[in-house]
Amino acid sequence: MAKVKLPDGSTLEVDNSLTGKQLAEQIGPGLAKSAIAAKINGQLKDLSAPIFLDGLEEAEIQIITPKDREGLELMRHSCAHIMAEAICSIWPGTRLVYGPTVYDGFYYDIDLDEPIRPTDFEKIEQKMAEIVKADTPFVRKEMSREEALNKLKDDKYKTDNINRADSDSISFYSHSDCFEDLCRGPHVPSTGKIVAFKVMSVAGAYWHGDATQKMLQRVYGTAWANKKDLEEYLNRIEEAKKRDHRVLGKQLDLFSFNEAGPGFAFMHAKGMVIWNAIIDFWRSVHNKYGYEEIRTPIILNESLWHKSGHWDHYKENMYFTTIDEVEYAVKPMNCPGGCLVYNTRKHSYREFPKRVAELGLVHRHEASGVMHGLFRVRQFTQDDAHIFCTPEQIEPEIISVIELVFEIYKAFGFKDFHIELSTKPENHIGSDEIWEIATNALKAALIHKGIDFKINEGDGAFYGPKIDFHIEDCLKRSWQLGTIQLDFSMPERFGLVYTDKDNTEKAPVMIHRAILGSFERFIGILIEHYAANFPLWLAPEQVRVLPISEKTNDYAKTIESKLKDANLRFSCDLSDEKINSKIVKAYNDKVPYMLVIGPREAESGTVNVRIRGLKENQTIEIDKFLEMINSKIADKIIDLAF
RNA sequence: GCCGAUGUGGCUCAACGGUAGAGCACGGCUUUCGUAAAGCCGGGGUUGUGGGUUCAAUUCCCACCAUCGGCUCCA
């Protein structure tokens, strides 16, 4: 006899030849029915596998069902196999490469010359349904690495997978006579356990993500514990589409793109209101934190970019032009210009830390296939700054930047973020020694501030290591915004110096930093985060006046002049539509407050306020309303209710 | 840049080898209305661009451009 310990802390005396499946049956028929795998001493195993191996007599065990995150993933992995069989049976020439799970689903990379099209998905799903209906068991077979290599010697993809496998024992899974796949497992007991799935999309993907390798076809699918979860997932995708900043940007007249300039955004009047609101706030905070602001040219002589190292390390992403037979480059970064400004006069250690901000318009030639609304453009405005300081000032300066970052993110309603530290890339300038000093300085600041961070080896900028700030939006998607980069190379290349206490000239340390990253991208993120229901202080139109009929148009005029005096952004709907129609229009425009006014309000000097997102409306004196709304704007309150 | 898909009035979409239709938006008229879309009338498209096949192309084919979904890259 042996002992198992269950997740609730209880223990059971059981036979030591017991499998997970049998254990589930002993615990209860309901569990046995929904069980898809067993977690034995922390390791996921097939339900058919024996619990006690190597003479062990005790095990901690958890029966996994599709309700567990791990169970769901396992199900998706099994579903990937089922989809692979379906594809192989429809296109017999298919060669399978790799089929892992991803967040919300799975994919299978295949090598097949004939392109699979979205119109084929139904056919694949039908075939999958047949396989599921047959409810055949997943069967595991193990063999040595050598045997496996021999078995698959003609299959370069699977041979490669075997060579990459950790274990010397290689396993295969089959769930029917005509399908077998190399796989570590585990899998659900039988194909019938997969109840809710869908083939989602197909796209190209390089083998091993390497652009020099063959382009494979990646077929994406999803699977859920039940039909309802699948429906909810599909609805969620629909909802996310409605938040798409490209859709909302067009709908709300915020910005546009045109074939005349792919990757170059046109900001419309309403988009610029948001833009300027952000800048006003940004300036005031930077002022508080002791920054000065400069502005440097967009086009500068090519020789400058040779000097900075951009020519050697960033040329592919730069635009060039010729003026009077002299070669120029369009700036992809602001730092060289900033260095030229620094060098226009002598500097003393007494000025340090010298914090110089620049809302710099940069151009980067992005590959045509990567452009994506405002998230990925070829021209964008960085909220850049360069801090010149002494080596001793590095740490307090970095800490001060981190505090500034947090203050700004909080104002926009972003509370969840994480930090990553990126180290020396292959393509870099400066000695290893300098890189180490710089990297350690960043690390020390994070550690002293007690901030958790993740390390990205080899992801730094070519001139220095960096700390990146990633925020999470309301849909739990992560976006990189801010960055702090430590640079010892640029000051040297540009011969930057300051006079130290001992009257000698030394090279300053240069800290590059951006907080919102790119205004364009940041506005895109705000649109999606708020579904364009902007906080009052950012909303392009804060208030709309809706007279019931033209009888109250005169009263509307007096309300309008009060709104104007209060410095609010508003409009008045004087159309001869009915009030219902006016409400719908204002609703679609996502205006925070609608002021409905009729004879009743005109008589009492009040307005009837409809608050965005709330069903009820309330009548309030216009002066009280103005007072309330102005205090919300001043304090950047996100909640509109009062 | 690579793979695949898509491209029809301002927007969303329909249709078709015989030169295009709806809703919304827009303009005019009627209506003046109390909390999520009043009615009528009207204007607007050489169907992304350039070639080719055909008696005939918006529809079929090719190239290019742009967009979308991914890959690689990235603020």
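In this text, all values refer to a predicted model and were calculated from it rather than measured experimentally.
Atom P of nucleotide B:U72 and atom CD of A:E316 are separated by 19 Å, given to the nearest angstrom.
Backbone-only engagement by A:M371 is indicated by non-hydrogen atom pairs under 4.0 Å involving sugar-phosphate atoms exclusively. Residue A:E520 is out of contact with every strand shown, counting any heavy-atom pair closer than 4.0 Å.
Pairing for B:C64 goes to B:G48, judged as Watson-Crick or G-U wobble with the two contacts each under 3.5 Å. Using Watson-Crick or G-U wobble geometry with both donor-acceptor distances under 3.5 Å, B:C2 finds its partner in B:G70. With a cut-off of 3.5 Å on both pairing distances, B:G9 has no Watson-Crick or G-U wobble partner at all.
In terms of phosphate contacts, A:S368 brings a side-chain nitrogen or oxygen within less than 4.0 Å of OP1 or OP2 of B:G1. Contact between the side-chain N/O atoms of A:H372 and the OP1/OP2 oxygens of B:G69 is found at a separation under 4.0 Å.
With no hydrogens or angles considered, a side-chain donor-acceptor pair links A:H365 and A:Y319 at under 3.5 Å.
A salt bridge links A:D113 to A:K214: one of the charged nitrogens lies within less than 4.0 Å of a carboxylate oxygen. At a threshold of 4.0 Å, the pair A:E239-A:R236 does not count as salt-bridged, since none of the basic side-chain nitrogens sits closer than that to a carboxylate oxygen.
B:U58 and B:U72 have their C1' atoms separated by 36 Å, given to the nearest Å.
Figure legend: A:R76 and A:F106 shown without cation-pi pairing, the cationic atom not lying both under 6.0 angstrom from the six-membered ring centre and within 45 degrees of its axis.
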